[in-house]
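Right, one structure below, let's go through it.
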Amino acid sequence: MLHIYNSLTRKKELFTPIEPGKVKMYVCGMTVYDLCHLGHARVLVVFDTVTRYMRHSGYDVTYIRNITDIDDKIIARANENAEEFGVLTHRFIQAMHEDAAELGVLPPDEEPKATSSMDDIISMIEMLIKNGHAYAADNGDVYYDVSSFETYGQLSGKHLEDLRAGERVAVDPHKDDPLDFVLWKAAKPDEPAWDSPWGKGRPGWHIECSAMSTCCLGNHFDIHGGGQDLQFPHHENEIAQSEGATGEKFVNLWMHNGFVRINDEKMSKSLDNFFTVREILKLYQGEEIRYFVLASHYRSPLNYSDQLLDTARSSLTRLYNALRGLDVPSVSLIEDEAEAKFNKAMDDDFNTSEAIAVLFDLAGQVNRLREENPDMALQKAGVLKKLANVLGLLEADPETYLQGGAGEGDDVEQIESLIQQRLDARANKDWAEADRIRDELHAMNIELEDKDGRTIWRRG
RNA sequence: GGCGGGAUGGCAGAAUGGCUAUGCAGCGGAUUGCAAAUCCGUGGAUCUCGGUUCGACUCCGGGUCCCGCCUCCA
C-alpha cells in the first residue's frame, strides 16, 4: 500500500490512481541553457526512482518529463554566444541526456519540448481568455488574471493579500494586477517568435508546462513533481491555468523534492555555488552520485560535500564486494523477507534510506553464507541485486564498478603486470619486494586482495 | 513581515509512545607472511525548558538556532 506525501494537502496519503493499475506522472524538467548541476541531478534521480519503484509494484506508469527550450535565459545565452537558440538548446539537451545516463536515469516515456507544443499552448491561452481568466494587453502580451481564480494559492499556502503585502513584483503598467503573470510575450526585435492570435511572440514559462502535461496525460492526472522551488509560483500557476482552461481538476498529488545545498545554503545558479554533474563525474562515478542522492529522503535537504561522495563510494564498494565473484542469478528463486521489508520502506513515501539498509542486511547475509551455503548465498545475492536495481543501483558488473574509477582505464595492463610481479615475489617468499609492489600500486590508488592464491584488485 | 520545513552518536541518516536502523569512520578479536576484503564483538545520540503519560527522541506548549518560499530557479 503505497503512501505518498502530497504537497497539496501536506499529508501522507494512500496513493489511489485515477485509473486502477495506471499512473500518469509529469515532472518539470530542465531549462536547457546550461549544463545540469547537482540540483537537477536530484530531480532526475528521485523521479526516476519513483517511476522504477511504481513499476516494480506493478503499476503501468506513464512518465512525462518536459524540456523547456525557449525562455529568457535561453535567448540571453544564445545572444551572448552569438548562436541560434536552437543550436544552443540542442547541445544542452544532448548533454543532459548523457548526464542522465551516467546517473542511471532511464529515459521518460515522453519528453515534450515547449517549441514543439505551440499549438497546444496557444489554444490553452485562447480557452483562458474565453473563460475570463486571461486578457490581452495593449502591448501584445497576454496575462493571467490571478483574481479570477478563486483558489489561487492553494498549493503554496499563500493568499493574494499576503502576496500583495510583501510586494516584490515589479509594477508593470500593462498588467491589471502586479501579481498577474504572463502567458504570452510579444516578441521583441530579433527574438525567436511564433505566430499567434495576439501577434508574434512566445509563451510564458508556466503555460508551457500546463500545455505539455495536459496534452500528454489528459486534463486530469495522478502525480506532478518537481523541485521544491517550483511550488510557487510555477506550480501554483499551472493549477490556475489548467483548471481555468479545462474546468477540471488538474492533478491529484504534488510531489516536491528538497534542495541540494552547499554549506547549508541552497545550491543555485544565482548564488553561483553549484557543481555540475560533469565536474563531479571527473572524480566520482555516476552511481556514486546516485547513491549519495538516494541515501537521504527525497524531501530532506541534501548537503553536498566530497566527504559524502567518498562515503557513497565506500558504501557501494561494500555492496559490490558482496556480489563480486558470484554468478548472480538473474531471477531470484526464493521469496525473501527482505523484499517485504524493502517494499514496506518504499511504500512509506519512498523511504530510500531504509530501503538501502535492507540492501546492506542482504549483503551481510551473502558474505556470511558464501562459505557455508554457496547456493543460498547466490539466491540472496539475486535478491540483493533485484532490489538494488529497483533503486537503479548495482546495475553494473561488480568488476566494472570496482575497477572503473572515474576517468581511469588505460593503466590496466600495467596494474596486472605489477600484480603478476608481486605474485612471483610472494611465491619466492620475498615479502619485502611483494610489499614494495603493493605500496607502489597503493600509490596509484589500487587496492589488492589476496584470495585463494589469486590476487584481485580494485580502485580505492 | 507572511507562509512552510528542520534540529538524532565523530560524519551522514532512518525509525518507533516502551524492544534504540543502516553506512562511513573508531576500537578489540578471528583470518592473512603482513595487508586488503570478510566475519565476530564493541563504545558513542535524540537542541533547550515545561506538560500529557506507568513510560517520549516520538504527542502538546514555550524558547533557541538553521533552512526554504514570497522574484528567475530542480
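Residue numbering restarts at 1 for every chain, and letters A, B, ... go by the order of the sequence lines. FYI, side chains are in, hydrogens and waters are out, and symmetry mates aren't considered; it's all heavy atoms of this structure.
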Any N/O pairs under 3.5 Å between the protein and nucleotides 14-22 of chain B? List them or say none.
{"residue": "B:A14", "atom": "OP1", "partner": "A:H297", "partner atom": "N", "Å": "2.9"}
{"residue": "B:A14", "atom": "OP1", "partner": "A:S300", "partner atom": "OG", "Å": "3.4"}
{"residue": "B:A14", "atom": "O5'", "partner": "A:S353", "partner atom": "OG", "Å": "3.4"}
{"residue": "B:A14", "atom": "O3'", "partner": "A:N351", "partner atom": "ND2", "Å": "3.0"}
{"residue": "B:A14", "atom": "O2'", "partner": "A:E354", "partner atom": "OE1", "Å": "3.0"}
{"residue": "B:A15", "atom": "OP1", "partner": "A:N351", "partner atom": "ND2", "Å": "3.2"}

Say you pick atom [atom1] in [N] and the same atom in [M]; how far apart are they, in whole Å?
N: B:A30; M: B:A35; atom1: P; value: 11 Å
N: B:C3; M: B:A45; atom1: C1'; value: 32 Å
N: B:G23; M: B:G44; atom1: C1'; value: 16 Å

Would you mind classifying the nucleic acid contact of [X] as base, sugar-phosphate or nothing, using non-hydrogen atoms under 4.0 angstrom?
X: A:V260; result: base
X: A:D310; result: nothing
X: A:G29; result: sugar-phosphate
X: A:G39; result: base

Strictly by Watson-Crick or wobble contacts shorter than 3.5 Å, is anything paired with [N], and which nucleotide is it?
N: B:C34; answer: none
N: B:G4; answer: B:C67
N: B:U22; answer: B:A12

With respect to A:S156, which candidate in A:H235, A:Q231, A:E236 satisfies the side-chain hydrogen bond (donor to acceptor under 3.5 Å, both in side chains) definition?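 Going through A:H235, A:Q231, A:E236 one by one, the side-chain hydrogen bond (donor to acceptor under 3.5 Å, both in side chains) with A:S156 is satisfied by A:E236 alone.
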Do A:D162 and B:G1 share a donor-acceptor pair, side chain to base, under 3.5 Å?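 Counting by modelled atom types and ignoring angles, no donor-acceptor contact under 3.5 Å is found here.
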Rounded to whole angstroms, how far apart are [atom1] on [X] and [atom2] on [N]?
X: A:Y5; N: B:G4; atom1: OH; atom2: P; result: 10 Å
X: A:E161; N: B:G1; atom1: CD; atom2: C1'; result: 15 Å
X: A:K175; N: B:U71; atom1: NZ; atom2: C1'; result: 10 Å

Would you please classify the geometry between the A:H234 ring and the A:H206 ring as parallel, tilted or perpendicular, with 30° and 60° separating the classes? tilted
So that I can tick it off, tell me whether [Y] and [X] are bridged by a salt bridge, with the cut-off set at under 4.0 angstrom between side-chain N and carboxylate O.
X: A:R422; Y: A:D435; result: no
X: A:R77; Y: A:D72; result: no
X: A:K344; Y: A:D347; result: no
X: A:E433; Y: A:R436; result: yes
X: A:R426; Y: A:D430; result: no
X: A:D71; Y: A:R202; result: no

Base versus backbone protein contacts along nucleotides 35-41 of chain B [heavy-atom cut-off under 4.0 Å; B, S, -]: BBSSSS-
Distances for protein N/O vs nucleotides 65-69 of chain B N/O pairs under 3.5 angstrom?
{"residue": "B:C67", "atom": "O2'", "partner": "A:R261", "partner atom": "NH2", "Å": "3.1"}
{"residue": "B:G68", "atom": "OP1", "partner": "A:K266", "partner atom": "N", "Å": "3.4"}
{"residue": "B:C69", "atom": "OP1", "partner": "A:K266", "partner atom": "NZ", "Å": "2.9"}
{"residue": "B:C69", "atom": "O2", "partner": "A:K158", "partner atom": "NZ", "Å": "3.2"}

Would A:Q307 and A:T311 count as having a side-chain donor-acceptor pair, cut-off 3.5 Å? no
